[in-house]
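See below for the structure under consideration.
Every heavy atom of this structure was used, including side-chain atoms; hydrogens, water molecules and symmetry mates were not.
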Amino acid sequence: MANFGTERVYQEFEPATRWTSEPDAEILVADLPGFKKEQVKVAVTSTRKLRLTGERPTGGNKWIRFHQEIPVPLTVDIDSVSAMFKDYKLYIRHPRIKTETPQTKPPAPVKPPVVAKPHDQHEAKQSHGSKPNDQLKHDAEQKAGKVKSGKEGLTGEPKGTLSSKDHEEKDKVGAIWFEKYKEATGNVVKEAKSKRQLLCNLTASIVLVLLILLYARNAVRSSLVWNSEE
């Protein structure tokens, strides 16, 4: 018969544990000799630790128990942890977190540079080659002649002497241009004076209107004061 009033005497037990790796998961194996599946509990804490607890009787009021917390690796998914008990061993499987690796395109093949043969380079130079010496000399002479003619056209002295008639025509043309210049400057001065006069008149009108308004305002105030005193 069982002794119902006796207290349990516990013996602490520390199971041996080890980690094993799979391509897609990390597995914790705990050795629990003499234990059954229903005598073992597995839980994951909020601090990413694996909590293993269990107890079983050894005879009379003597019991053996264990309590162990093991940190969980950061590379595993704690929401997908699963456990299996077989042959007095506890297998706890931790799937790894799946990380999508970016797909990189293979590099485009690099075309080797085309190396021109010495014979081809010689032919290319000849095709782009210079003109014969006579042609170059002829072109240089033409350019020199154009530059010389241009300088003569710019700096050359007029041929012949000016007659008195030419002097008179030049004086007439100068007098006409002087009159036009004088007339143009006079018009500008007149316009400036008229604008200045208009601005002065406008300013005087504004000041006069302001004085009239100020006088009317004072007159209204004085009449209001007299009416209030009466």
> Is any NZ, NE, NH1 or NH2 atom of the basic residue among Asp24 and Arg96 found under 4.0 Å from an Asp or Glu carboxylate oxygen of the other?
Replying inline: no

>> Give me the atom names and distance for the closest heavy-atom approach of Gln68 to Pro15.
In response: OE1-CG, 3.3 Å

> Donor-acceptor pair, Glu179 side chain versus Ile176 backbone, under 3.5 Å?
Replying inline: no

> At their closest point, which heavy atom of Tyr10 faces which heavy atom of Glu55, and how far apart are they?
Replying inline: CE2-OE1, 3.3 Å

> Does CD in Glu38 sit with more than 12 non-hydrogen atoms of other residues, nucleotides or ligands closer than 6.0 Å?
Replying inline: yes

> Just wondering, do Leu50 and Ile92 contact through their side chains at under 4.5 Å, heavy atoms?
Replying inline: yes

>> Keeping Asn61 on the side-chain end and Glu7 on the backbone end, is there a donor-acceptor pair under 3.5 Å?
In response: yes

> Just how far is it from atom OG1 of Thr58 to atom CZ of Phe13, taken to the nearest 0.5 Å?
Replying inline: 12.5 Å

> Which distance, rounded to the nearest 0.5 Å, do you find between the CG of Leu208 and the CG of Leu213?
Replying inline: 9.5 Å

> Trp19 and Pro73: which non-hydrogen atoms are nearest, and at how many Å?
Replying inline: CH2-CD, 3.8 Å

> Has the side chain of Asp87 got a donor or acceptor atom that lies under 3.5 Å from a matching backbone atom of Lys89?
Replying inline: no

> Leu52, Met84: one ILVMFWY side-chain cluster at the under-4.5 Å cut-off?
Replying inline: no

>> Is the shortest side-chain heavy-atom distance between Ser80 and Asp77 below 4.5 Å?
In response: yes

> What closest approach, in Å, do Tyr88 and Gly34 show between heavy atoms, and which atom pair accounts for it?
Replying inline: CD2-N, 3.4 Å

>> Using every non-hydrogen atom in the two residues, find where Ala25 and Pro95 come nearest and quote the distance to one decimal.
In response: CB-CA, 3.9 Å

>> Give me the atom names and distance for the closest heavy-atom approach of Lys86 to Tyr91.
In response: O-CE1, 4.0 Å

> Once you round to the nearest 0.5 Å, how far does OG1 of Thr45 lie from CD1 of Ile70?
Replying inline: 11.5 Å

> Under the 3.5 angstrom rule, does the side chain of His94 hit a backbone N or O of Val76 as a donor-acceptor pair?
Replying inline: no

> With sequence neighbours left out, what residues match Phe66 under ring-ring contact (aromatic ring centres under 6.0 Å, His included)?
Replying inline: Phe35

> Can you find a heavy atom in the side chain of Val42 that is under 4.5 Å from one in the side chain of Arg51?
Replying inline: no

> So how far is it from Leu90 CG to Lys41 NZ, rounded to the nearest 0.5 Å?
Replying inline: 14.0 Å

>> Looking at Asp31 and Arg18, is there a salt bridge between them, counting it only when a charged N and a carboxylate O are closer than 4.0 Å?
In response: yes

>> Between Arg93 and Glu26, does any side-chain N to carboxylate O distance fall below 4.0 Å?
In response: no

> In the single-linkage hydrophobic clustering (I, L, V, M, F, W, Y; side-chain heavy atoms under 4.5 Å), do Ile78 and Ile97 co-cluster?
Replying inline: no

> Should Leu28 and Phe85 be regarded as members of a common hydrophobic cluster, given that ILVMFWY residues are connected when their side-chain heavy atoms come within less than 4.5 Å of each other, either directly or indirectly?
Replying inline: yes

> Of Gln39, Arg56, Glu12, which is the lone residue that meets side chain to side chain contact (heavy atoms under 4.5 Å, CB included) with Arg65?
Replying inline: Glu12

